[in-house]
Amino acid sequence: MPRPSARRHLTLGICLDPFHVVKLGTEALEEVRKDLWREMRKLPSPVYARKFAGARWALLKNPGTLTKRQGLALLAVKQRGGALWRAYEMKESLRAIFAGDLEIDEVNEMLDHWCKRASRSRLSSFIRLSKTIRTHREGILASIRLGVSNGRVEGLNTKVRSIIARSYGFHSAKATLALVMLACGPIDLKLPYERASLST
């Protein structure tokens, strides 16, 4: 029996993946965008609402993955400024906190600063998000401290969902499952000509 000093004590706790925190930031931005889009639809000319709707993906995507057209749309939003640009900056600053290049103390300090800024932003969706982050702060920090992430699982789930959508019309669920296993499973499939070259 080990001595009491040699025993390891495990502390159980809830870890909240930063991936989902950033997702909440994106959803808060989308809420601001939709509110402004509804206001623009009330204008006499529908042209403004159509142009504004085209900026959606430019706002939601990461800046490094924007197409040229989306980059121009984002630049137009920046030049107009206002609530939408402030919401975009809030989303991007939240994403930067969880980029993975900060120590836990830095994340804690930056998160505190972000929550204060969000609570004064006059954007209702970000005010709610700041309250949510403050409520679940310990779980978020625990996830960073332990290096826990379910990003790979989320990516795999997205891939499986796209395969299921693609397999609409298959005669049985077995065919869909076979396609999922082929794309995601540990299957090493050799084509007939590859098998022939291996045997010679």
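These numbers come from the heavy atoms of this one structure, side chains and all, not from hydrogens, waters or symmetry mates.
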I need the minimum non-hydrogen distance between A96 and L102, along with the two atoms involved.
O-CD1, 4.5 Å

Which heavy-atom pair separates Y88 from P63 by the least distance, and what is that distance?
OH-CG, 3.4 Å

Take D35 and R38, measure what side chain to side chain contact (heavy atoms under 4.5 Å, CB included) needs, and give me the verdict at the end.
CA-CA 5 Å; D35 288 343; R38 288 187 197 104; 2.9 Å; yes

Distance col, row S143:OG vs H20:NE2, nearest 0.5 angstrom, shows 10.5 Å

For W114 and S130, indicate whether the former's side chain and the latter's backbone hold a donor-acceptor pair under 3.5 Å.
no

To the nearest 0.5 Å, atom CG of L59 lies from atom CH2 of W85 at 8.5 Å

Could you see if L72 belongs to whatever hydrophobic cluster contains V77? Use Ile, Leu, Val, Met, Phe, Trp, Tyr and a side-chain cutoff under 4.5 Å.
no

If the threshold is 4.0 Å, N to carboxylate O, is there a salt bridge linking E89 and R86?
no

Cluster question for you: counting only ILVMFWY and a side-chain heavy-atom cut-off of under 4.5 Å, with indirect links fine, are L36 and I127 together?
no

Indicate, with yes or no, if L75 and L84 share a hydrophobic cluster defined by side-chain heavy-atom contacts under 4.5 Å among Ile, Leu, Val, Met, Phe, Trp and Tyr.
no

Rounded to the nearest 0.5 Å, what separates atom CD in E138 from atom CZ in R145?
7.0 Å

Please answer whether the main-chain N or O of R56 pairs with a side-chain N or O of R33 as donor and acceptor at a distance below 3.5 Å.
no

With rounding to the nearest 0.5 Å, note down the distance linking CD in Q79 to CG in L74.
10.0 Å

Quick one, L177 and K174 - any side-chain contact, counting heavy atoms below 4.5 Å?
no

T132 (side chain) donor-acceptor with R128 (main chain) under 3.5 angstrom:
yes

CZ (R69) with more than 12 external heavy atoms under 6.0 Å
no

For V32 and S125 the tightest heavy-atom approach is CG2-OG, 3.5 Å

Can a donor-acceptor pair be found, under 3.5 Å and without considering hydrogens, that links the side chain of S119 to the backbone of K116?
yes

G25 and F126: which non-hydrogen atoms are nearest, and at how many Å?
O-CZ, 3.8 Å

Apply the side chain to side chain contact (heavy atoms under 4.5 Å, CB included) test between L94 and each candidate in L29, T26, L24, I133; give the one that qualifies.
I133

Donor-acceptor pair, K91 side chain versus E30 backbone, under 3.5 Å?
no

Between F170 and A175, what is the shortest heavy-atom contact and its length?
CD2-CB, 3.6 Å

Atom pair CG/CZ of N62 and R95 - distance to nearest 0.5 Å:
3.5 Å

Rounded to the nearest 0.5 Å, how far apart are SG of C115 and CZ of R137?
6.0 Å

Over 12 foreign heavy atoms within 6.0 Å of NZ, K23
no

Testing the basics here: between I163 and A183, what is the closest heavy-atom pair and its distance to 0.1 Å?
CD1-CB, 3.5 Å

Heavy-atom distance under 4.5 Å between the side chains of T67 and W57, does that happen here?
no

As a test of understanding, state which of L111, N108, I104 forms a side chain to side chain contact (heavy atoms under 4.5 Å, CB included) with I144.
I104

Step by step, work out the side chain to side chain contact (heavy atoms under 4.5 Å, CB included) result for L179 and R166.
CA-CA 10 Å; L179 189 58; R166 219 169 51 197; 4.1 Å; yes

